[in-house]
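Quick notes on the structure that follows.
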Number of protein chains: 2
Amino acid sequence: MSSWALDYETANCTIGAALAIVGEKWTFLVLREAFNGIRRFDDMRRRTGAPRQILSDRLARLVAEGLLRRAPYREDGQRTRYEYRLTEKGIDLFPVMVALLGWGDKHARPADGPAVLLTHRDCGAPVTLRLGCADGHQIESARQVTPVPGPGARRVA
Amino acid sequence: MSSWALDYETANCTIGAALAIVGEKWTFLVLREAFNGIRRFDDMRRRTGAPRQILSDRLARLVAEGLLRRAPYREDGQRTRYEYRLTEKGIDLFPVMVALLGWGDKHARPADGPAVLLTHRDCGAPVTLRLGCADGHQIESARQVTPVPGPGARRVA
DNA sequence: GATGCTAGGTCTAGTTGACAGACTTAGCAA
DNA sequence: TTGCTAAGTCTGTCAACTAGACCTAGCATC
């Protein structure tokens with residue numbers, strides 16, 4: 001089998017663009033903690049294990065890219081400091097998180113089961129991720145999906 | 001707001017385990033091409049842009065982890081060589097791919113639109129990823145999801 | 001108005017990983 | 001036996017990561 005993909009460029013694939021932002025080492029762990037409600041530098045550091053400098057870099061990058069924003073806070077007897085909160089752009093990564101968690105739970109499961117479960121806030125039932133199509137069909141496997149060149153596709157010269 | 005997450009360890013979070021396998025630089029691009037039907041070393045190299053040595057490392061790692069398998073093939077006038085095909089474990093990463101593509105298309109879109117579209121093989125309609133809960137409710141936003149400690153959760157000492 | 005406290009950094013030196021480009025390998029054909 | 005080709009490996013260079021020490025800026029207490 002030869003793939004149609006060979007005839008097209010990869011330069012403008014948005015997966016590459018997405019990975020350029022969130023694909024660096026530690027970045028995704030930082031986002032995981034952000035989704036867990038962690039907002040402060042030292043908490044992030046403890047929970048991700050990232051070296052301070054790296055964490056500093058990654059937070060700055062995520063703020064620059066608009067996935068996190070810095071918000072001031074103040075504890076009694078302390079000066080004003082800043083914490084990091086997810087923006088809508090960051091929150092939009094949630095499905096990626098859920099998908100990765102699902103894969104990890106299935107294929108890299110620790111003996112005693114998942115450490116975290118996602119539940120529907122309103123009813124408590126476990127959250128699931130489903131593939132479907134715009135016509136309402138359920139899709140069970142990647143084999144039922146056909147990638148086709150989109151409007152931004154460019155043929156290889 | 002203080003997060004419940006602070007009371008629990010992160011060591012056994014499966015997102016971390018998943019990222020340890022697929023979170024290295026280039027690895028995800030290699031998998032993207034695998035989903036595009038690319039199987040051969042040189043095609044991978046051209047399409048991902050990864051240096052030969054890195055690609056070689058990543059492919060070996062993915063084979064060792066069971067996401068790809070080596071399969072022999074033979075072109076006329078050539079000796080037998082090996083190509084790399086997704087295993088079920090690899091194919092199970094498809095939702096992560098779709099989620100990342102969706103995010104990229106929304107937030108890092110090139111001017112002329114997405115380079116690749118995913119369509120349902122049977123009806124041609126675009127593929128979508130939906131969050132829901134086991135009770136059948138549709139979930140629109142990460143804000144409707146509550147993470148809770150699972151069976152594998154361990155309190156911080 | 002000097003001192004200590006603390007979260008959130010920065011600085012430095014050493015190690016690991018990525019990179020480009022040249023070189024190697026193994027079987028088939030002529 | 002020579003050439004051809006896909007799929008690597010080897011080498012030197014350079015960038016990224018890492019651990020650990022150090023710095024910073026307000027607030028409170030003295």
D:dC17 phosphate, OP1 or OP2, under 4.0 Å from A:Arg58 side-chain N/O: yes

A:Arg79 CZ to D:dC27 P, in whole Å, measures 9 Å

Whole-Å distance, B:Asp57 CG to C:dA18 C1', equals 10 Å

Walking DNA chain C from its 5' end, the first of A:Glu83 and B:Thr80 to be reached, judged by nearest nucleotide, is A:Glu83

Checking D:dC17, D:dC27, C:dG9 against the side chain of A:Arg74 (C-beta onward), the nearest is D:dC27

Between CZ of B:Arg45 and C1' of C:dA18 the distance, given in whole Å, is 15 Å

Is the ring centre of A:Tyr73 less than 6.0 Å from the ring centre of A:Tyr82? no

B:Ile54 atom CD1 is separated from C:dG17 atom C1', nearest whole Å, by 7 Å

Point to revise | Polar pair under 3.5 Å, donor/acceptor by atom type, side chain A:Gln53, base D:dC17 | key: no

C:dG27 phosphate, OP1 or OP2, under 4.0 Å from B:Tyr73 side-chain N/O: no

Answer yes or no: is there a donor N or O on one side and an acceptor on the other, between the side chain of A:Arg58 and the main chain of A:Lys25, under 3.5 Å?
-> yes

B:Phe41 CZ to C:dT25 P, in whole Å, measures 16 Å

### Query
Do B:Arg40 and B:Glu75 meet the salt-bridge criterion of a basic N to acidic O distance under 4.0 Å?
yes

- Looking across every strand, which nucleic acid part, if any, lies under 4.0 Å from B:Glu75 by heavy atom: base, sugar-phosphate, or nothing? nothing

Output for pair (A:His120 NE2, B:Leu131 CG), nearest 0.5 Å, gives 10.0 Å

note: B:Arg40, atom CZ; D:dT5, atom C1'; distance rounded to Å ~ 12 Å

note: B:Leu55, atom CG; D:dT9, atom P; distance rounded to Å ~ 11 Å

**Request:** Ignoring backbone atoms, establish whether A:Lys25 has a side-chain N or O less than 4.0 Å from OP1 or OP2 of C:dG17.
**Result:** no

Answer yes or no: does atom CZ of B:Arg130 have more than 12 heavy-atom neighbours from other residues, nucleotides or ligands under 6.0 Å? yes

Note: for A:Glu24 and A:Asp76 on DNA chain D, the residue whose nearest nucleotide lies more 5' is A:Glu24

Of the candidates C:dA18, D:dA7, C:dA7, the side chain of B:Arg81 sits closest to D:dA7

Query raised in the report: For A:Ser56 and C:dT10, is the shortest distance between a side-chain N/O and OP1 or OP2 below 4.0 Å?
Result: yes

From the candidates D:dA25, D:dT18, D:dA7, the one with an atom nearest any side-chain atom of A:Trp26 is D:dT18

Next on the checklist: With a 4.0 Å cutoff (strictly under), does any side-chain N or O of A:Tyr84 reach OP1 or OP2 of C:dG9?
Outcome noted: yes

Between CZ of A:Arg47 and C1' of C:dG8 the distance, given in whole Å, is 19 Å

